[in-house]
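Beneath this line is the structure, given in structure tokens, with notes to follow.
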Number of protein chains: 2
Amino acid sequence: MKKKGKITDIEGKKMAKFSKIPEATIRRLSSYLKCMVDLEGKNEKVASSAVIASICNVNAAQVRKDFAYFGEFGIRGMGYNVKDLKRHIKEILGINREWRIAVVGVGNMGSALLVYKDFLKQNYKIVAAFDLYPEMVIGRISERVGKPVEILHVDRLKEVVSARNIEIGIITTPPQEAQKVADQLIEANIKGILNFSPAPVRTSENVKLRNLFFTSALDNLVYYLSN
Amino acid sequence: MKKKGKITDIEGKKMAKFSKIPEATIRRLSSYLKCMVDLEGKNEKVASSAVIASICNVNAAQVRKDFAYFGEFGIRGMGYNVKDLKRHIKEILGINREWRIAVVGVGNMGSALLVYKDFLKQNYKIVAAFDLYPEMVIGRISERVGKPVEILHVDRLKEVVSARNIEIGIITTPPQEAQKVADQLIEANIKGILNFSPAPVRTSENVKLRNLFFTSALDNLVYYLSN
DNA sequence: TATTGTGAAGCCTTTCACAGCA
DNA sequence: TGCTGTGAAAGGCTTCACAATA
């Protein structure tokens, strides 16, 4: 950080000073992070932008520019220190602390998420699960995945979100329930929603929404297979 | 289609004549399609670009321009016919026919996908499932999800992909198996791979890859919650 | 010497604004 | 009249090319 200092340290937290960070950069940061975890697992200490670029399928200048938005993390002539870069990316993304999550809808997908190991590795902690029929859920999944969290009736959503300091809700209900659940999450003062259900969902202005549509990934793949 | 005819009909198939279609447009088409399905379910016959834009959180001009790459689908003064537009989008994406899929790795996530209803609705058909320990899988999931497809040993992948005309492989193995499975799928002459495992995967030039990293969606959400 | 950090150029995408049309 | 289709302008992102430097 020298000429134009791109980062401010406020109370020990790194923040982008110039908030004109491209959305695409943020998306790529996630993928760079996966790359760092992978390289760390292979005991690589240092990685050049060229190496990172080739793993993540992007241009090397892109990689350097993406990092440069947030500071000077590299060593000229060498590359980037894998451990340090990993730490920096986590700080930038805000995932250098635990995020407490509720899963709403404990069907097949929901129960898969309850035991999804990659969430835990990344400091994402599912601390509550809700369903319309908690007793049936327990019968359905308990012998298979154990009992990672108690399954509660969805009526208790607001109370429990508040009591357990839950900031993010994941919707894994059937599509016809998705909007209702979103409304309940908003009512419970959730901060962000990740919608796994294949239905469009509206939120209020102050609740961030991300959709994760499985078929969209397939649609995209198929388009490029067909054209 | 009038001045610059953006579409050719070759053997009954619509194709983009000028292939300079933005990638972002293709991503949005998927979301417009979900919107159309939703509106159709609500018995809406016609939708303006403004309505579609507001549901999909984009600009109305964007919506019109996206469609205009492929033809003139709208009616001035009216909007777009929901059913027709849905059909057009499916044609453009190439999902107006069945796509045969194999799921590799029948753990919690894999078995959730085997019975994921939205795939079927969209003409995505899972016609084979593979695991390292098929007998154990059957014990694990059969009483819960029934037996949508027979679970086969992964050794039979190449043979079965060929015999069943499978074009797409979905990887839902633990991360440490992902690359090996990708290599086997490539060896089996698969056309495209959708990687659900949280590990980076390399493919050969002629095999298209899409990653669907759950934590990336969370990372992105969290970044915007933190900043 | 190898590789980063970065202005500047070029390219791509979005938005505006309005002509064209049902 | 109301909404689409689209040229042109604006804006944003990526890539190039090279100075800076460990």
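What you are looking at is a predicted structure, and each value in this text was computed from that prediction instead of being measured. In what follows, chains are A, B, ... by sequence order, proteins preceding strands, each numbered from 1.
Across the protein-nucleic acid pair, A:N81 atom CG and C:dT3 atom C1' stand 15 Å apart, rounded to whole Å. If you take CD of A:E23 and P of C:dT13, they are 15 Å apart, rounded to a whole angstrom. Whole-Å rounding puts the B:F73 CZ to D:dT6 P distance at 11 Å. Between the NZ atom of A:K20 and the P atom of D:dC13 there is a distance of 7 Å, rounded to whole Å. Remark: P of C:dC18 and CZ of B:R76 are 16 Å apart, rounded to the nearest angstrom. If you take NE2 of A:H88 and C1' of C:dG5, they are 15 Å apart, rounded to a whole angstrom.
For the pair A:K125 and A:F119, the cation-pi test (distance below 6.0 Å, angle within 45°) is failed.
The listed nucleotides are C:dA22, D:dC18, C:dT14; the one nearest the side chain of A:R64 is D:dC18. The A:Y80 side chain lies nearest to C:dT4 when the options are C:dT4, C:dA22, D:dC13. Listed nucleotides: C:dT14, D:dT6, D:dT15. Nearest to the side chain of B:A68: D:dT6. With C:dA19, C:dT15, D:dT21 as the choices, the nucleotide that has an atom nearest any side-chain atom of B:Q62 turns out to be C:dT15.
A heavy-atom distance below 4.0 Å to DNA chain D is reached by these residues of residues 42-61 of chain A, ordered by number: A:N59, A:A61.
A salt bridge links A:K42 with A:D38: at least one charged nitrogen is closer than 4.0 Å to a carboxylate oxygen.
Between the base of D:dT6 and the side chain of B:K65 there is no donor-acceptor pair shorter than 3.5 Å.
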With ring-ring contact (aromatic ring centres under 6.0 Å, His included) as the test, would you mind laying out the steps for A:F196 and B:F214 before giving the verdict? CA-CA 10 Å; A:F196 271 73; B:F214 293 177; 5.2 Å; yes

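The list of salt bridge (charged side-chain N to carboxylate O under 4.0 Å, His left out) pairs with a residue in residues 213-227 of chain B, not counting sequence neighbours, is empty.
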Donor-acceptor pairs are to be reported for all side-chain atoms of residues 179-194 of chain B against protein atoms at under 3.5 Å, with residues two or more places apart or in another chain.
{"unit_1": "B:Q179", "atom_1": "OE1", "unit_2": "B:R202", "atom_2": "N", "d": "2.8"}
{"unit_1": "B:Q179", "atom_1": "NE2", "unit_2": "B:D183", "atom_2": "OD1", "d": "2.9"}
{"unit_1": "B:Q179", "atom_1": "NE2", "unit_2": "B:R202", "atom_2": "O", "d": "3.1"}
{"unit_1": "B:E187", "atom_1": "OE2", "unit_2": "B:K158", "atom_2": "NZ", "d": "3.0"}
{"unit_1": "B:K191", "atom_1": "NZ", "unit_2": "B:E167", "atom_2": "OE2", "d": "2.7"}

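Side-chain N/O atoms of B:R28 include one lying less than 4.0 angstrom from OP1 or OP2 on C:dT14.
At the heavy-atom level, A:F67 lies nowhere under 4.0 Å from the strands shown.
Here CD1 of A:I171 is found 8.5 Å from CG of A:N211. Values are rounded to the nearest 0.5 Å.
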